[in-house]
Amino acid sequence: MSNQKDKEKAAKAAGGHKGRMLRWMPLGLLLVLLILGVSQGWHHHLSLSEIIRNKQLLQDWVVNHPVRIAVVYMTIYIVAVAVSFPGASLITIAGGFMFGWLFGGMMTIVSATIGATVLFIAARSSLGATLKERAGPFIGKMASGFRQNAFSYLLFLRLTPVFPFWLVNIAPALFNVSLPTYLMATFIGILPGTFAYTFVGAGLGSVVEAQEALNPGCAAAGTCEIELRALITPEIVWALIALGIVALIPALTNHLRQRLAAQGGAGEPHVNRDNNR
């Protein structure tokens, strides 16, 4: 009888260990892809100078193979976001340059949402599940509060260009935010920033032409003096921050309403039923 129980315990422990391994496998695979990409130096190709140097090649690709290049672009973007590869904003600029601000923006929004969702699901199955198992009362209360206003909080994090994109992809997974809420907030939240970058990409050709007039041959040589910070103006950044603050208004209103309701309940007179009998 004792041997049977020992076998059952061993089988249960082995099953639990296997389950944990399977739970962490998707996130581990994404991490391996990220390490592979960085070790191969792929991120060095994601620069403004590389886009400018290869601008004619990129334009030729789109003219000759529009559908194929669109699929390749979206696939690259999905993988880059899913593995948190550095330089996604530069891919967005390249998308605006190749496909125009509208089509480039829409393809980028769809691709970024899919890539972010892949990372979210992988993180929720591993990090989120682990945190849920080991979370204390404080973490549990904080997660519950986040979920109550998850859409507003996520919209704020997406709209405000202060928080790293990969962090915003993972953070909701820790609080077990529902997938529909995550999808909707991500899709809507990245609209303004994405179109801002694709607008920059769509106008990159005229900027390069102006640089070529001052410094002939700079595009091919990769020496055109164009900085991303000069293209993404402070006004654009502040506008996105303002949108993020507006997104917080429903959550703040809800919090204030709950506090007032709690204070009102605490302020009600206590009735001593024993004395009224």
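Start at 1 with the first residue, then count along the sequence. What you see is a predicted model; the values in this text were computed from it and never measured.
- Using a 4.5 Å heavy-atom cutoff, the side chains of Thr186 and Leu154 are not in contact.
- Considering all non-hydrogen atoms of both residues, Ala112 and Tyr77 come closest at CB-CE2, 3.7 Å.
- Counting heavy atoms from C-beta on, the side chains of Ile188 and Phe151 come closer than 4.5 Å.
- Residues Phe99 and Thr108 are not in side-chain contact: their nearest non-hydrogen atoms beyond the backbone lie 4.5 Å or more apart.
- The hydrophobic cluster containing Leu90 also contains Leu57, counting ILVMFWY residues as joined when their side-chain heavy atoms lie under 4.5 angstrom apart, directly or transitively.
- The two atoms that bring Gly189 and Leu159 nearest to each other are O-CD2, 3.3 Å, heavy atoms only.
- To the nearest 0.5 Å, atoms CG (Asn169) and CZ (Phe163) are separated by 13.5 Å.
- Interatomic distance, CG of Leu119 versus OG of Ser84, reported as 4.5 Å (0.5 Å rounding).
- Of all heavy-atom pairs spanning Ile91 and Ala80, the tightest one is CD1-CB, 3.9 Å.
- Rounding to the nearest 0.5 angstrom, the gap separating the CD1 atom in Ile121 from the OG1 atom in Thr117 is 6.0 Å.
- A donor-acceptor contact shorter than 3.5 Å is absent between the side chain of Ser152 and the backbone of Asn149.
- Two residues are said to be in side-chain contact when any heavy atoms from C-beta on lie closer than 4.5 Å; Phe165 and Arg158 meet this criterion.
- Met98 and Val67 sit in two unconnected hydrophobic clusters of ILVMFWY residues. Membership requires side-chain heavy atoms under 4.5 Å apart, directly or through other members.
- Interatomic distance, CZ of Phe199 versus CD1 of Ile93, reported as 13.5 Å (0.5 Å rounding).
- Proximity of a side-chain donor or acceptor of Arg124 to a complementary backbone N or O of Val177 within less than 3.5 Å is detected.
- Proximity of Thr92 to Thr198: side-chain heavy atoms (C-beta onward) are separated by under 4.5 Å at one or more points.
- Taking the side chain as every heavy atom from C-beta outward, Ile51 and Leu58 approach each other to under 4.5 Å.
- Residues passing the side chain to side chain contact (heavy atoms under 4.5 Å, CB included) test with Pro180, sequence neighbours excluded: Ser178.
- Distance CD1/Ile114 to OG1/Thr75: 9.0 Å, rounded to 0.5 Å.
- Neither Phe103 nor Val71 shares a network with the other; the hydrophobic side chains, linked directly or stepwise wherever heavy atoms of I, L, V, M, F, W or Y lie under 4.5 Å apart, form separate groups for each.
- Within the 4.5 Å cutoff, the side chain of Trp101 has no heavy atoms near those of the Val200 side chain.
- Distance CD1/Ile109 to CD1/Ile190: 6.0 Å, rounded to 0.5 Å.
- In this model, no donor atom of one side chain and acceptor atom of the other lie less than 3.5 Å apart for Ser111 and Tyr73.
- Other residues, nucleotides and ligands place no more than 12 heavy atoms under 6.0 Å from the CE atom of Met184.
- By the ring pair (Phe, Tyr, Trp, His ring centres under 6.0 Å) test, Phe120 is found to be paired with Tyr182, residues two or more places apart in sequence or in another chain being considered.
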